[in-house]
Structures are given as structure tokens and as C-alpha cells.
There are 2 protein chains.
Amino acid sequence: MGRNKELNQKTKDERRGQILSKALMLFATKGLAATKITDIASAAGMSQGLLYHYYRSKEDIFVELIRSAFERMNTASLELEKLPLPPQEKIRLAIETLLQGLNDNEDTGRYYLLIAVATASEAIPEAAKTIIQKENLVPYEVITRIISEGQKDGSIKDYEAKDLALVFWTSMKGLAIHKAVHGNKFKMPDADILMSMFI
Amino acid sequence: MGRNKELNQKTKDERRGQILSKALMLFATKGLAATKITDIASAAGMSQGLLYHYYRSKEDIFVELIRSAFERMNTASLELEKLPLPPQEKIRLAIETLLQGLNDNEDTGRYYLLIAVATASEAIPEAAKTIIQKENLVPYEVITRIISEGQKDGSIKDYEAKDLALVFWTSMKGLAIHKAVHGNKFKMPDADILMSMFI
DNA sequence: GTCTATATCCAGATAGAC
DNA sequence: GTCTATCTGGATATAGAC
């Protein structure tokens, strides 16, 4: 009995995961408003009606994805900061990991694209705006701290740390968008190019 | 008689310009699908009905803006290339002009944002896709040529010219998006930071 | 040229059968 | 859990009066 309940919960979670994955692709390439609930349902292989068994609305799905995107990005940022590496190596690792992620895992790029497009748009649910406002700064702050540390020991150039952090993230998001458009034809730039802003 | 016709045409063009300017702001901040035709009409101070006197559809307005955005961007690129300056000075001028434009003229940032978002989106009119496909490469090609020239005389670093051009433009578009979100709170980074990838 | 009113359509969400 | 059928609302575009 309890076992059945757990099993049901598990398959339900899996189903939700499928829906989220398809919705991520659609939201990233078409945006929230242009993505129809039927698009998501048919991409996930179910009827519109059934989709409402798993999510209460299109906006709920969107908010869930935004939450998840920031959780991944911010967790990764904070993990990076904790690594026992000198600051400039953290920056290099961040650049290489992000470029690699964009190349290898399609969802990685889509999460960044989703954040980039959602952050730029006013036409998103209030709940999503709240999350963005609360979470958006974390990666900037982490990178700023790493850069400041590297500037103290002289291993990172002496531009304003905030400026460097800004250019770091805007460049990454720009690359994510480009990747989303050109897909596999897109050859990653050499990480050294980006590194040369820092060292 | 002919004079009246000209005058009418002129005020009509002005009215179209007002509509385009308001639509640009809305499309840039909300996207095509989330922008309602009534939003545009009321922002331009007219009824929905009247708007259809000037444009046949919301998509027509969008396509017109895309066309105009690329015309500006590509003209500016080609003008830059023709200037009697050494290659690395052209790069520096491009960066400074773009950062300045983002700072001073609100529409400049919006045009870049419109291009960035439209290029990333599948949910745009076919006519817009055609324009993008045809025009999108011009700035990349111009910058690539300038970089190659600078590499011949040794004044620009020897990374792959195409990679450098890609990072150049993706960074610029990333900054444009950031500017659109944070508006006036947004302090431009030092142009030297971006230059340090090239020299 | 400009407005209000309206026809038409389409998408989000619900109801109810299986 | 899953589907089909349907209600409802809202947005595009048109018609017609001024």
C-alpha cells in the first residue's frame, strides 16, 4: 500500500520531468507566450487534458523551470567558489566548464538561454520575476569575489572587479544564445580568448 | 495638389515612425507574441482600429523593425570598415561606439536586443527569418576581416579570427540584453576590458 | 483619419466519460 | 490516468459611423 503510493509518486515525478524537459526546449526557442500548451503536451506525448493532471497551468511550468535553472546555475557557482584552487584557475575552470556544457549537453545551453530571455522579458509571471530578482545576482557576486581575491595576489588584472564579472556573464549568456540558434554548426571559441580579459 | 499629397505622405510617414518606435520598445521588452496590438496602439496614442490604417498586421510591424535594425547595424559595420584607421583602432572604435550607444540612446540598445531575441526565437514571421538569414552574418564578416588584417601586421592577437569575431558580437549582444534589463542603473564596463581580448 | 462596435478565431482551462 | 468534447476569455482584424 505505502509501496504503491511511493511507486505512483515516482512515476508521476518522472512524467513531470518529461514535461519539464520538453517545455524547456520550447520556451527557450519560442518564448513563453508563443509556446502553446498543446505544443508542450504533444511534445511530451500526451493530450492537453492530461497535462493539467501534472501542472495547473502553463505559467506554473515556466516558473518551475526558472526556479530549476537558477538552482543549477547558483549551485554550480557556489561549488566553484569552494574548490581548493587559486582564483585565476577558478575563472579558467568556469569558462571551460561553461563552454563544454554548452557543447555537450543541449539542456545546459537551454537553461542559460531561458534565463537570458526570461530576464530580458517583462512578459513573465510575477513569481518568475521574484525568483529572478532574488537569484540573479548570485553568480555575479561569486565571480566578483573570486576576481577580487585574484586581484589581491596580483594574478588577475586590475580592472574593476564588478566590470569584469559583468563582462564575464554577459559574454557567457551571449554565447548561449548563439549556441541555441546555430546548434551543432557552432564551434566553441578558444577559452584562452575569454581568459585574456582576466590575466 | 501634388504638394498636398507630399504633405500627407510626410505626416503618414511620421505617424508610422511613432508606431515603430513604440513597437520597438514593446517587442524588445516583451517579445512578439506577448505584445498585443492594443499595447502598441495605446502606446502610440491611438485606437486599435486606426493602427490598421498604417500597418496591415502586428507581424508587418515586427518585420519592418527587423529590417530596419539590420540595416542600421550592417550599415554601421560597413562604414566602420571603410574608415582610414589601423585595424586595432577600428576595433577599439567599434567597442567604444557600441558601449556609448547603449548608454546614450535607448533605441540603440533596443535594436540590438530585438535582434538578439528575434534571432534566438523560432516563433517569428517567415519574412523576418529570411531577413535574419540573409543579414545576420554581415557584422561577423566585417569584424573578421578587420581582425585578419590586424593579425597580418601583428597588431591583433593570433587567435582564430572567426573565434574573436564571435566573442566580440556575442559579448556585445549580452551587454545589450543586460542594459535592457537594468536600464540606467547599468554602468558600462571599461572598453579596455574587451579590447584586451584583441591586443 | 479617427473612433466604436463587432465578427472571428484560437488558446487556456475544465468537465465528464472510460 | 487518460482521453475527447466543450466552455470561456481574450486578441486580431474588420466594418461602418462620424
Side-chain angles (χ1 to χ4, degrees), chain A residues 1 3-20 22-27 29-66 121-128, chain B residues 1 3-20 22-23 25-27 29-65 121-128:
Chain A
M1 201 56 186
R3 186 156 294 164
N4 268 345
K5 256 190 192 166
E6 274 173 38
L7 207 63
N8 285 345
Q9 188 56 42
K10 202 186 150 208
T11 58
K12 194 161 186 178
D13 285 352
E14 274 169 16
R15 215 79 155 98
R16 279 184 209 262
Q18 286 170 6
I19 293 168
L20 284 179
K22 299 298 183 180
L24 171 61
M25 185 183 57
L26 289 163
F27 286 145
T29 54
K30 305 174 67 158
L32 171 61
T35 300
K36 298 169 201 74
I37 202 91
T38 57
D39 294 341
I40 302 173
S42 72
M46 66 181 69
S47 64
Q48 321 88 297
L50 184 52
L51 193 142
Y52 284 92
H53 198 77
Y54 296 99
Y55 285 97
R56 278 180 43 244
S57 69
K58 185 172 79 166
E59 303 210 330
D60 271 20
I61 302 174
F62 186 82
V63 172
E64 180 60 34
L65 280 171
I66 292 289
S121 174
E122 285 174 11
I124 58 173
E126 276 308 311
Chain B
M1 201 57 190
R3 186 159 291 165
N4 268 342
K5 256 189 190 164
E6 273 172 39
L7 207 63
N8 285 342
Q9 187 58 41
K10 201 186 151 207
T11 59
K12 193 162 186 178
D13 285 351
E14 274 169 17
R15 214 79 154 97
R16 277 184 212 263
Q18 286 171 6
I19 294 168
L20 284 179
K22 299 299 183 180
M25 185 182 57
L26 289 163
F27 287 146
T29 54
K30 305 175 68 159
L32 171 61
T35 300
K36 298 168 201 74
I37 202 90
T38 57
D39 295 340
I40 302 173
S42 73
M46 66 180 72
S47 65
Q48 323 86 298
L50 184 52
L51 192 141
Y52 285 92
H53 199 75
Y54 295 99
Y55 285 97
R56 277 180 44 242
S57 70
K58 184 172 79 166
E59 303 209 329
D60 271 20
I61 301 175
F62 186 82
V63 172
E64 181 59 33
L65 280 170
S121 174
E122 285 174 11
I124 58 173
E126 276 308 312

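What you see is a predicted model, and the numbers here were worked out from it, not measured in a lab. In what follows, chains carry the letters A, B, and so on, assigned in the order in which the sequence lines appear, proteins first and then strands, with residues in each chain numbered from 1. Keep in mind that the numbers below use all heavy atoms, side chains included, and drop hydrogens, waters and symmetry copies.
In terms of phosphate contacts, B/Arg15 brings no side-chain nitrogen or oxygen within less than 4.0 Å of OP1 or OP2 of C/dG1.
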Can B/Leu20 and B/Tyr54 be said to form a side chain to side chain contact (heavy atoms under 4.5 Å, CB included), step by step?
CA-CA 10 Å; B/Leu20 284 179; B/Tyr54 295 99; over 6 Å; no
One pair to check against side chain to side chain contact (heavy atoms under 4.5 Å, CB included): B/Leu32 and B/Lys58. What are the steps and the verdict?
CA-CA 8 Å; B/Leu32 171 61; B/Lys58 184 172 79 166; 4.1 Å; yes
Apply side chain to side chain contact (heavy atoms under 4.5 Å, CB included) to residues B/Ile61 and B/Leu51 and explain how you reach the verdict.
CA-CA 10 Å; B/Ile61 301 175; B/Leu51 192 141; 3.8 Å; yes
Give the C-alpha distance, both sets of side-chain angles, the deciding distance and a yes or no for side chain to side chain contact (heavy atoms under 4.5 Å, CB included) between B/Met46 and B/Arg15.
CA-CA 10 Å; B/Met46 66 180 72; B/Arg15 214 79 154 97; 3.6 Å; yes
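Note: B/Ile19 CD1 to B/Leu50 CG = 7.0 Å, rounded to the nearest 0.5 Å. Interatomic distance, NZ of A/Lys36 versus CD of A/Gln48, reported as 12.5 Å (0.5 Å rounding).
Between B/Ser57 and B/Ile37 the shortest heavy-atom distance is C-CD1, 4.5 Å. Considering all non-hydrogen atoms of both residues, A/Phe62 and A/Pro125 come closest at CD2-CD, 3.8 Å. For B/Thr11 against B/Asn8, the heavy-atom pair with the smallest separation is OG1-O, 3.0 Å. Closest approach of B/Ala33 to A/Ala33, counting heavy atoms only: CB-CB, 3.7 Å. B/Ala43 and B/Lys22 make their closest contact through O-CE, 3.4 Å (heavy atoms, listed as atom of the first residue, atom of the second, distance).
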Show the distances under 3.5 angstrom between N or O atoms of the protein and N or O atoms of nucleotides 12-18 of chain C.
from   : atom 1 : to      : atom 2 : distance (Å)
C/dG12 : OP1    : A/Ile37 : N      : 3.3
C/dG12 : OP1    : A/Lys58 : NZ     : 3.2
C/dG12 : OP2    : A/Ile37 : N      : 2.9
C/dA13 : OP2    : A/Tyr52 : OH     : 3.0
C/dA13 : OP2    : A/Lys58 : N      : 3.3

Can you check nucleotides 7-9 of chain D for protein contacts, nitrogen or oxygen pairs under 3.5 Å, and list what you find?
none

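Atom CG in B/Leu51 sits roughly 13 Å away from atom C1' in C/dC3 (whole-Å rounding). Regarding B/Lys12, its NZ atom lies at a distance of 10 Å from the P atom of C/dT2, rounded to whole Å. Regarding A/Asn8, its CG atom lies at a distance of 11 Å from the P atom of D/dT2, rounded to whole Å. Here the C1' atom of nucleotide D/dG1 and the CD atom of A/Glu14 are 15 Å apart, to the nearest Å. For B/Leu50 and C/dT4, the CG to P distance is 11 Å, given to the nearest whole Å.
Note on B/Tyr54: only backbone sugar-phosphate atoms sit closer than 4.0 angstrom, heavy atoms only; bases stay farther off.
Comparing the axis of the opening five pairs of the helix from C/dG1-D/dC18 to C/dC18-D/dG1 with that of the closing five pairs yields an angle of 10°, rounded to 10°.
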